[in-house]
Structures are given as structure tokens and as C-alpha cells.
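Predicted model, so just to flag it, every value in this text is computed and none were measured. To find a chain, count down the sequence lines: A is the first, B the second, and so on, and within it residues start at 1.
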Protein chains: 2
Amino acid sequence: MTKQFSSVWTREMRQPKTSGLRRDQIVTAAVEILDAEGLSALSMRKLGAKLDSGATSLYWYVANKGELLELALDEFWGMLDGADPGEASWREVVTTFAYSFRETLLAHPWAATLIGQLPSMGPNSLRLTDRLRRAFVQAGFTGTDIYLSSGTVMCFVLGQVMPELAWSNAYGDAEPDRDALIEDVLELAHEYPEMVEEYRATPPMSVATARALAFDYGLLCVLDGLAARLRHPRESSGVPDESAKMQP
Amino acid sequence: MTKQFSSVWTREMRQPKTSGLRRDQIVTAAVEILDAEGLSALSMRKLGAKLDSGATSLYWYVANKGELLELALDEFWGMLDGADPGEASWREVVTTFAYSFRETLLAHPWAATLIGQLPSMGPNSLRLTDRLRRAFVQAGFTGTDIYLSSGTVMCFVLGQVMPELAWSNAYGDAEPDRDALIEDVLELAHEYPEMVEEYRATPPMSVATARALAFDYGLLCVLDGLAARLRHPRESSGVPDESAKMQP
DNA sequence: ACCTGAACACCGTTCAAGT
DNA sequence: ACCTGAACACCGTTCAAGT
């Protein structure tokens with residue numbers, strides 16, 4: 001049973017020129033709720049109330065909640081700055097983009113979840129893709145490598161941030177009794193003494209700086225890897241045939 | 001308002017030795033529903049029905065739905081094979097682990113979502129962490145780099161898979177009229193003619209192989225980056241101070 | 001120790017009816 | 001063209017009551 005694909009972006013919009021609510025008001029209000037209370041707190045009823053209208057009125061502008069979230073997600077993509085080449089080196093451009101993407105994701109955690117659930121094909125998403133594409137062309141990538149290299153950076157940031165969000169979800173934003181939590185985890189890990197010992201051997205630091213350090217390390221790996229691709233455009237990994245075997 | 005942290009793993013379990021349902025039966029059934037129908041289809045009521053019991057009976061074994069999902073997520077971590085050093089090179093070990101992680105995520109998409117929402121501190125998660133740790137020690141990483149390098153690989157895979165899942169969510173598993181979809185996207189991207197043209201210039205391939213290719217490319221970057229770290233243990237990225245500035 | 005049913009406060013969505 | 005209210009089929013969770 002192949003579900004027919006559909007998206008807010010692939011169907012005719014309603015006439016934009018009339019009275020009453022407007023779609024962008026709805027989306028703005030939705031993003032406000034998402035930012036303030038998180039993905040699970042956004043309901044059509046609450047959103048309707050915030051707009052002084054019935055929940056069901058929203059269905060005039062949006063086919064269902066999924067479409068609303070697609071629109072919110074595209075708002076998120078619109079929040080990302082730059083990747084403007086300027087006169088900086090490509091490593092600098094990519095680095096500042098990666099950091100700003102990370103910061104924006106951390107500020108709007110609902111977006112990270114949505115990225116795994118809804119396709120991003122709205123105008124802001126496309127505009128960002130094109131900006132990135134230009135940056136990587138300028139860096140010297142050509143052909144398919146343009147798309148592959150920029151995609152690698154995007155995915156890297158996303159993957160780094162996701163587990164980070166899990167902790168802030170379960171833990172709250174502040175770090176109240178994080179020492180107690182750490183002791184809990186170390187206790188749970190008592191079967192793996194090397195792990196525990198290695199943790200105790202590392203200088204103590206806040207969760208935030210530990211995460212930032214990990215991000216920095218990973219970014220360095222990605223950048224070095226991209227630099228290598230830039231030098232030798234066509235190589236393949238250790239077990240190249242696996243990739244073809246995986247999904248025929 | 002800092003929410004008090006709690007997790008299934010940090011509180012006393014109920015006596016395991018009695019009659020009736022057992023927690024592992026519940027979790028197994030939950031995973032079956034998740035695999036068959038996805039995260040949004042799992043409800044306490046449906047799970048109760050599947051186990052021939054009332055929905056509310058489950059609350060004897062589990063404090064809330066979140067705990068149930070924590071348990072399911074740990075089941076997922078238990079599904080991952082290996083990272084067994086053996087006699088293979090570290091690049092081979094990491095590569096096969098990355099591919100198997102990817103495959104398992106694609107087979108259990110709900111897990112990817114949960115990774116961004118719940119902390120992973122169950123026994124299977126810890127065991128995997130330790131296996132990875134040993135593999136990276138064997139590869140030659142030391143100190144903090146052990147954790148940083150293995151984390152980079154984990155995050156890389158996760159980040160690659162997430163957007164992939166978005167499409168299969170919206171699109172279904174088969175690829176029915178993907179040509180129509182592609183035309184839709186290209187139409188939406190008409191403001192960026194270079195993007196469109198570049199797409200048309202690349203040889204056509206299935207979505208699956210395109211994704212596998214991107215995965216391969218990114219993995220190559222990460223591996224090369226890790227190899228560079230292995231040669232020069234301590235370096236820092238282009239804008240190191242940013243990382244400290246981000247979250248004080 | 002374990003399970004039940006009723007009840008509470010919610011959901012997303014449809015649809016006939018209003019203006 | 002836009003909005004409403006009632007209604008349907010769901011949710012997660014609590015809690016007194018059963019065995």
C-alpha cells in the first residue's frame with residue numbers, strides 16, 4: 001500500500017487576497033507555541049484559541065496538522081543565516097554555518113524532530129539549499145560532489161544535535177542536580193569499569209561544553225574529510241559494494 | 001522551572017518474580033506495534049488490547065508512556081551488532097558498524113525519532129557504547145578522543161538517516177510516482193536554475209542508491225577525518241573560541 | 001500483588017450549518 | 001469565501017474498587 005504523496009507545497013493554495021485569518025499569521029502563532037512549549041504541546045485547539053478562532057477554522061487554510069507542521073518547519077529553515085562566501089575561506093564559511101545551524105536547532109528543538117518526519121521542500125528550505133550549493137561550488141566542489149559535500153555538513157550537524165536534545169527534553173534546560181544524574185549513569189554502567197574509569201579520568205566540565213567539544217571534534221573530522229575529497233575527487237570507501245547491496 | 005529528571009533506569013523496578021504480565025512481554029509487544037505501524041500508532045490502549053489486558057494494567061509495570069518508550073528504545077540499541085574488532089582494520093570495523101547501524105535505523109524508523117527525545121541509558125545502550133569504545137581504543141584513540149571519535153560516527157549515521165526517514169514517512173515505502181514528485185520539487189525550485197540544471201545533469205538513479213551514495217561519501221569524510229585525528233591527536237577547528245562562547 | 005472500569009481532560013478531523 | 005459547533009473516534013493518566 002503505497003501512500004499517495006502530498007505536501008502543502010504541491011497543491012494550489014487558496015486565494016491569498018481576502019479577509020479573515022491569514023496563513024502566515026497561523027504559522028507564526030504555531031511557531032510561537034512550538035518555541036514556548038514544544039512539539040507535543042501544539043494542538044489545533046490551542047492554536048485556534050491563540051488566534052481567537054475555533055480550532056476547526058484552521059482547516060480552511062491547512063489540510064491537516066501535518067501541513068501546518070510542514071509550514072512551521074519551513075519557517076525554521078528561514079531562520080538560518082548565511083553561508084555567504086564573502087572573502088572567508090571555505091573552511092571558515094562551512095564552520096560558521098555549522099555553528100549557526102547548531103545554535104538554531106538547539107533554540108528550536110521541535111524542528112529537529114520534524115526534520116525526521118516531514119520532507120523539507122518549502123521555499124526557505126530550497127533557498128538555503130541553493131545558498132549552500134553556491135558556497136560549496138565556490139569552495140571548489142564540482143558535479144555530484146557539490147550536493148554530497150553540503151549534505152554531509154547538514155547531516156553532521158543534525159546528528160550531533162539530536163542526542164543533545166534528548167537530554168534537555170528529559171532533563172529540563174537548567175542543570176539542577178546533574179551530579180546526581182551522572183552518578184546514576186555511572187552506577188548503571190558499573191559492568192563496564194573501563195568506561196567509568198575513563199569518565200572519572202577526564203577533567204570535569206559542564207554538559208554544554210562537553211557537547212560543544214564533541215561538536216568541534218566532529219566538525220574537524222568532516223572538514224578534513226571534505227578537504228581530502230577536494231584533493232582527490234573520486235575515491236570510494238572501504239566496502240563500496242555494500243552501498244549498492246543495501247537497497248536494490 | 002527545572003523538571004526533576006527521571007528515567008525507567010533510575011528507579012527501583014518492581015519484583016520480577018510474580019504472576020501475570022511481565023515487563024519484557026510488554027516491551028516486545030510495543031516494539032512489534034512500533035515496527036508494524038510506527039511511533040504515532042502506539043497507544044497504551046492498543047498495546048493493552050494486544051496483550052489481552054486493560055490499557056491501565058500497563059501502569060503497574062511502567063510509570064508512563066515515556067518509560068515504555070525508553071524501554072523500547074533500549075530494545076532497539078540491543079538490535080545492533082558488533083563493532084567487534086577481530087582482525088579487520090579499524091576503518092573496516094567502523095565502516096561495517098556504520099552500515100549496520102544505518103540499516104537497523106531504516107528498519108525501525110521510530111527509534112530515530114526517539115533518540116532525539118529520550119535519553120539512552122539502558123543496559124543495551126551502555127553495552128553498545130562499551131563495545132564501540134573498545135573498538136576505538138583498538139584503533140589507537142586515547143583519552144577523550146575515544147569518546148569523541150566514536151560519538152562522531154554514531155552522530156554521523158543518525159544525521160544521515162533522519163532526512164531519509166522524512167521522505168519514506170511522507171512517501172510510503174515503495175516509490176510509486178516518484179518521477180511526479182521530482183517534477184514537483186524541480187518546479188518548486190524554478191527560482192534556482194543552477195540547482196535544477198545540476199540535478200538534470202546527474203545520471204538518474206533510484207532514491208535508495210542516491211542516499212546510499214551520499215552515506216558512502218559522508219562516511220569517507222568522517223573516516224578520513226578520524227584518521228587525521230589519529231595522526232595529530234590535538235588540534236582545534238577554525239574558530240575554536242566559538243564553542244566556548246555558545247553556551248556559558 | 002496485580003488487574004479492572006469508570007472517569008477526566010484532552011486530542012485531530014469531518015461536516016452540516018451559518019454568515 | 002470564510003467561520004462555527006456539535007459530533008466521532010480517539011488519546012494518556014488517575015484512582016477507587018476489586019481479586
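- Regarding W60(B), its CH2 atom lies at a distance of 13 Å from the C1' atom of dT4(C), rounded to whole Å.
- Atoms CD1 (I26(A)) and C1' (dC3(D)) sit 12 Å apart, rounded to a whole Å.
- Remark: DNA chain C forms stems of 3 or more consecutive Watson-Crick or G-U wobble pairs, all pair distances under 3.5 Å, at C:4-8 with D:12-16, C:12-16 with D:4-8.
- At least one donor-acceptor pair closer than 3.5 Å links the side chain of S125(B) to the backbone N or O of S120(B).
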Exercise for review: Might you work through the salt bridge (Lys or Arg N to Asp or Glu O under 4.0 Å) test for R133(B) and D130(B), ending with a clear yes or no?
Suggested key: CA-CA 5 Å; R133(B) 192 191 57 73; D130(B) 188 62; 3.1 Å; yes
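- Using a 4.0 Å cut-off between charged side-chain N and carboxylate O, R200(B) and E183(B) make a salt bridge.
- In this structure, Y192(B) has its ring center no closer than 6.0 Å to that of Y199(B).
- Judged by distance alone, the side chain of E70(B) and the main-chain N or O of V8(B) form a donor-acceptor pair under 3.5 Å.
- Within the 3.5 Å criterion, the main-chain N or O of N124(A) finds a donor-acceptor partner in the side chain of D74(A).
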Practice item. Quick one, give me the B/S/- string for nucleotides 6-19 of chain C, reading 5' to 3', where B means a protein heavy atom under 4.0 Å from the base and S means that only happens at the primed atoms, P, OP1 or OP2. Key: BB---BBBB-----
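- Judged by distance alone, the side chain of K50(B) and the main-chain N or O of I26(B) form no donor-acceptor pair under 3.5 Å.
- If you check the side chains of D24(B) and Y61(B), you find no donor sitting under 3.5 Å from an acceptor.
- Nearest to the side chain of S57(B), among dT4(D), dC3(D), dC3(C), sits dC3(C).
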